[in-house]
Amino acid sequence: MTLDKNWYTEKWQGQGAAISLRVTDKIHDEQTDYQRIEIYETESFGRLMTLDGLVMVTDRDNFIYHEMMTHPAILTHPSPKKVLIIGGGDCGALKEVLKHKNVVQADQVELDEGVTRTSEKYFPDLCSSNKDPRARLIFDDGIKWVQQSKASSYDVIIIDSTDPVGPAAGLFEHEFYRACYDTLTNDGILIAQSESPLFHDALIKSIRQNMNNARFQALATLLFPQCTYPSGWWSATLASKGYINKPRTCDVETRYYSSDIHVSAQILPPFLRQKLK
Ligand code: AG3
């Protein structure tokens with residue numbers, strides 16, 4: 001991370017590219033036991049949260065990511081009652097999940113409580129459902145949580161992780177997906193953020209292989225724009241224990257997700273289809 005003449009820059013190492021946002025102020029800087037959390041005011045993207053120098057959330061574009069990480073999975077499940085969010089400490093995914101009335105319990109298991117406390121202070125909109133009685137905010141290791149959960153205890157698992165480095169690396173592995181498989185009910189759906197289709201196609205391939213090896217029957221990688229993440233183009237990979245049902249009609253308010261987007265997001269361009277073979 002460099003702050004150069006009021007520009008915040010995340011350099012995409014190895015890609016010879018970067019994202020820059022003009023910032024007007026730095027309003028928070030904290031080193032927790034796990035990572036460095038920084039909050040900036042930007043000129044045109046609202047507030048920005050970075051973890052160890054990597055862009056996590058901006059006010060302006062997080063809705064695309066959070067809607068695509070949640071509604072496709074929730075609406076693919078016939079009747080999702082219990083939802084588990086791994087990571088997601090900013091609470092943006094939790095807010096989207098709780099829009100669905102059939103969800104009776106949403107557990108968010110985030111390793112670093114500092115992320116959630118910081119988000120409550122600087123991203124009140126993302127945290128607007130934290131007091132919902134269906135929400136449980138748990139600060140613990142997500143891998144351990146899934147390993148210790150009873151079989152068939154969740155209908156949907158959402159893995160809203162950071163990049164596969166440090167403690168998050170295990171969230172991309174076959175052993176973890178296997179534990180998720182066991183923790184899911186028979187109709188269970190898993191969705192994981194799976195990085196950039198342009199920069200990280202090999203990783204997407206390995207995520208898909210790991211999910212298959214963990215016995216998930218059907219997979220779908222969904223593509224969507226996320227202009228402040230590496231390459232500006234992002235993905236989420238959905239896995240089902242059975243078939244992938246046609247999604248139920250969306251009856252909650254969204255700004256990016258729609259039934260048509262759900263279909264179009266699954267159409268992979270030829271180069272990616274080739275890479276993922
Ligand atoms: N989770 C995905 C962050 C990955 C971004 N990578 C990067 N900037 N290099 C974000 C958490 C949002 N709830």
Side-chain angles (χ1 to χ4, degrees), residues 1-2 8-21 34-40 42 45-71 73 83-98 106 108-120 122-130 135 137 142 157-169 171-172 191-200 203-204 207 221-237 256:
M1 192 284 290
T2 49
Y8 173 89
T9 298
E10 180 188 327
K11 289 179 184 160
W12 300 329
Q13 298 302 341
Q15 304 288 347
I19 171 81
S20 290
L21 295 170
Y34 302 99
Q35 57 208 340
R36 184 169 179 192
I37 307 175
E38 292 161 274
I39 310 282
Y40 299 85
T42 73
F45 277 71
R47 286 187 177 152
L48 160 69
M49 180 195 280
T50 66
L51 296 180
D52 285 341
L54 305 178
V55 173
M56 289 297 128
V57 174
T58 80
D59 275 326
R60 189 171 180 184
D61 72 347
N62 82 81
F63 70 100
I64 304 176
Y65 175 90
H66 286 131
E67 290 184 16
M68 293 304 283
M69 283 292 294
T70 53
H71 305 306
V83 178
L84 172 64
I85 299 163
I86 301 289
D90 53 70
C91 306
L94 180 68
K95 176 191 157 196
E96 294 305 316
V97 165
L98 290 170
Q108 176 184 286
V109 182
E110 161 64 48
L111 188 59
D112 188 353
E113 181 169 359
V115 175
T116 301
R117 299 304 164 217
T118 307
S119 188
E120 284 169 338
Y122 298 105
F123 292 89
D125 181 52
L126 297 185
C127 294
S128 56
S129 297
N130 288 12
L137 302 187
I157 299 179
I158 296 165
I159 307 171
D160 182 9
S161 70
T162 52
D163 295 346
V165 282
L171 299 173
F172 294 78
I191 191 161
Q193 78 87 359
S194 49
E195 307 275 312
S196 163
L198 190 67
F199 288 176
H200 312 118
L203 177 69
I204 299 176
I207 289 171
T221 295
L222 293 98
L223 309 179
F224 51 91
Q226 194 62 22
C227 67
T228 57
Y229 285 174
S231 86
W233 194 25
W234 214 245
S235 72
T237 298
Y256 185 79

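Atoms within each ligand, like the ligands themselves, are counted from 1 in listed order.
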Between [X] and ligand 1, does any nitrogen or oxygen pair lie at a separation below 3.5 Å?
X    : value
T228 : no
Q193 : no
S161 : yes
E10  : yes
V55  : yes
T162 : no

Under 4.0 angstrom from ligand 1, any heavy atom of A93? no
Are Y65 and ligand 1 in contact, using a heavy-atom cut-off of under 4.0 Å? yes
Rounded distance [0.5 Å steps], CD in E113 versus OH in Y34: 10.0 Å
Taking side chain to side chain contact (heavy atoms under 4.5 Å, CB included) as the criterion, tell me which of I191, I85, I86 meets it with I157. I86
Side chain to side chain contact (heavy atoms under 4.5 Å, CB included) with M56: which of I37, T50, L51? L51
Just jot down the ligand 1 atoms closer than 4.0 angstrom to any heavy atom of [X], in number order.
X   : result
H66 : 12 (C), 13 (N)
M56 : 3 (C), 10 (C), 12 (C)
D90 : 11 (C), 12 (C), 13 (N)

Starting from [atom], what is the nearest protein heavy atom, named by residue and atom, and what distance separates them?
atom                    : result
atom 6 (N) of ligand 1  : D163 OD1, 2.9 Å
atom 11 (C) of ligand 1 : D160 OD1, 3.3 Å
atom 10 (C) of ligand 1 : Y229 OH, 3.0 Å

Donor-acceptor side-chain pairing of D61 and Y229 below 3.5 angstrom: no
Check: H200/D163 side-chain N/O donor and acceptor closer than 3.5 Å: no
Report the C-alpha distance between E195 and Q193 in whole Å, list the side-chain angles of each, state the deciding distance to 0.1 Å, and finish with yes or no for side-chain hydrogen bond (donor to acceptor under 3.5 Å, both in side chains). CA-CA 6 Å; E195 307 275 312; Q193 78 87 359; 2.8 Å; yes
Do you know which two heavy atoms are closest between [X] and [Y], and how far apart they sit?
X   : Y    : answer
K95 : S128 : CD-OG, 3.8 Å
Y65 : Q226 : N-OE1, 3.3 Å
L94 : A106 : CD1-CB, 3.7 Å

